[in-house]
Amino acid sequence: MTVIWFRLKCIGLLNRGQRNISIFSNATPSNLNKVVSDAEKIVGYPTSFMSLRCLLSDELSNVAMHVRKLVGTKHPLLSTARGFIYDSRKNLQMRGLVVLLMSKAAGPSQHTASDLLPQDMVSGIYPSQRNLAEITELIHTAFLVHRGIVNLKEWTNSDGPLKDMQFGNKMAVLSGDFLLANACTGLAQLNNTKVVELISSAIGDLVQGIYHEIPNRLEDNSLTDEINMVTWEEQTFLSHGALLAKSCQAAMELAKHDKDAQGLAYKYGKHLSLGHKLNSDLQLFVKSSSADPVTFSFNSAPVAFHRQIVGQERWCHQLQQAKTIGRQMDYTKLRSTIKLEKGVTSTIDLCRYHGNKALESIQCFPSSEARSALENIARAVTKF
Amino acid sequence: MAIPWRHCWRWTIGATSTSVLETICGFNGRSATFAASSFRGTGAGTGSGKEGLSSRPVDTTSIGNYILTSRHKSRLLYPTPKPCCSKGIHSDAKLKDPFSLAQKDLNHLYDDIKKELFVSKSELKSLCDYYFDGKGKAFRPMIVVLMARACNIHSNRDGDLLPGQRSIAMISEMIHTASLVHDDVIDGSNKRRGMTTINEVWGERKAILAGDFILSAASMALARIGNNTVVSVLSQVIEDLVRGEFMQLGSKENESERFKHYLEKTFKKTASLIANSCKAVSILVNSDPEVQEIAFQYGRNVGIAFQLVDDVLDFTACASQLGKPSATDLKLGLATGPVLFACQQFPELHAMIMRRFSTTGDVDRAWQYVLESDGVDQTNYLAQSYCREAIRQISLLRPSPERDALIRLTEMVLTRDK
């Protein structure tokens, strides 16, 4: 095991010049980190080691060897792999943790079934629920990997040799598929076809959400598309909320909790994810740390709000104003422009709204350590 | 010509060639029963080919020639198993054509699959629907529905499909298509079935997502059947497909290991889907594990034969017939059946295999070697053996038109030219 961690760490250490699509640009506030690490104690073990079994498989160590060849190239898979194991602070396996906490907060099953015996519970969580948490993380990771595939037709000389991109794509497709396949067999072993259906539909949602993220033009940010916050929320739910919402619901189903409990769990998952995404989009706009280079997506929440508020014409004008003499985008200047309007505050309001909705749902569960942890997470997500 | 024959036995048999000869000599209307164990994933045994032959005081010449001539003819015409198997095994009630028998069940298959691909964004929808245009061979669903009916009849029910069985036909085609979409990205292909590939038109990122979506839809449909065992069986296929793809990444040093690796990879990439779909439909109608095993083994053997023939066609068919260019496997660095057999006669191929035909001129030279050798014949012959085993298995089921169609289908696998 140490050999593989070491090998992958080496990739991280030796890496240079990666493409600037940082999959881990979800900056997280430090208080959320603290809340999460406190919460991990409640569920019995550090969740950063989930899917260890999968990571140690022959196939993935095979991939690790091949990924070494990508060192020095600009393929995004390298930064995904790096982010995955290099820095545990940034590597929050939050989804899995939330599923575990939810399982514990909901308590033991009211049904007597052979696979729901009290003695099988570890730290108040059934084995099937633990497996589900792991499967959720597997799916999340699979799509992180699949997001890191590049369109070969958009390759330019500055990306390095074409064959590196081709090779990186191949590795990304295969490892993503491998993780998904493991998720599928894991789901089958849960022996609950309702859960299989629910999680499969979450995968479908994820695909649709991510599909929207892919720009249709060669430029990274589409300049002339109208944006609408309702659509924004729908799409963001698909790409960032559906998996956690449905996993929480599925965790309830596994313990045969009733429809109400399932609904509450779903709501918590949904609102927490949306709140978290809004929070991470806001980081660049509420902190003024000059450490990170400023660059942001025009589809991130504060910018999307801003575009809706000022309208297309003014937005295009502002974009023009923010270009330097060399026709490059001056993101710092653009950010200042955005901060002058109501985009940022609207986003903060929306974030608080979702955080409160999450709180509301979880407070319907009986009081417990796990419930408090979930409340803390919901509150941490709305703090700035 | 005797030499290639001996080589063939060396590859296919764990048992000695004497028992094979016995089988050949002794088969008067019995199906040729090669030791089933020789096909359970073991590849090249180093059988005592030569000694066995010479020590056996049997007039092998006439039988040998008989088989050899039919194989020789088959170099161009693709062998039918006539001399080796069909005579007298099953009554010659008209063997129904599998396509027409399966027709009514498959009629709206593609339309129904498209209904499962429920997605709001219209572009993603067109990507997902792209290969479900009804122009594919629908080979896998056909096997599935025929097997379902054959099992139903065997189990004392009328032949009609249970709803879950029809779903499985759809699901198998969806899983197959999803894997094709990903394979095209991995291989960098720009043509499939005469159409431009999805990755060529819309780019790799969208292609991968489309494949993932089709898979998720298949998984939902699978769950809705409501049977946990069926879900497990077909989820295993998804894992096998990926593992098979990984197996293709690596090459084996050892010659005898190589063939075994090739057969195992062939099972995972091609036969597993067919075998497990057949098993799944049998599970829905019959709890007897022997029946499920028959279904599985039929699917497995037909699947392997299918892939072997596919590998042969890569060398022999020309581009226009296949809808995609040939010698593709060589160009991808893959050493398939014909190449592995040709290695025997042209040891130069070993080094080329190890470097995956990467040196300039390797592909052309290898292609030449293969066509000069009997690699194609041997692979065809091996495919025939798998088909014989498939027939043996399926013949254990109660007679029915569908069962006979499945038998007829093995011939079609061997004689197809695209």
Does any heavy atom of chain A fall under 4.5 Å from the side chain of [X], the backbone, both, or neither of them?
X        : answer
B/Val231 : both
B/Leu127 : side chain
B/Asn227 : backbone

Any salt bridge between B/Glu204 and A/Lys153, counting N to O under 4.0 Å? no
Go through it in stages, so that I can follow the logic: the residues are B/Leu209 and A/Phe143, the test is side-chain contact (heavy atoms from CB on, under 4.5 Å), and I'd like the CA-CA distance, side-chain angles, deciding distance and then a yes or no. CA-CA 9 Å; B/Leu209 290 176; A/Phe143 279 98; 4.3 Å; yes
Quick one: what part of A/Asp177 sits under 4.5 Å from any heavy atom of chain B, side chain, backbone, both or neither? both
With a 6.0 Å cut-off (strictly less than), is the heavy-atom count around NZ of B/Lys268, excluding the residue itself, greater than 12? yes
Between [atom1] of [X] and [atom2] of [Y], what distance do you get to the nearest 0.5 Å?
X        : Y        : atom1 : atom2 : answer
A/Gln166 : B/Ile186 : CD    : CD1   : 13.0 Å
A/Leu238 : B/Lys121 : CG    : NZ    : 11.5 Å
A/Ser200 : B/Leu215 : OG    : CG    : 8.5 Å

Report yes or no: does A/Asn151 contribute a side-chain atom to a donor-acceptor pair with the main-chain N or O of B/Arg205 at less than 3.5 Å? yes
Give a yes-or-no answer on whether the side chains of A/Gln208 and B/Ser120 include a donor-acceptor pair shorter than 3.5 Å. yes
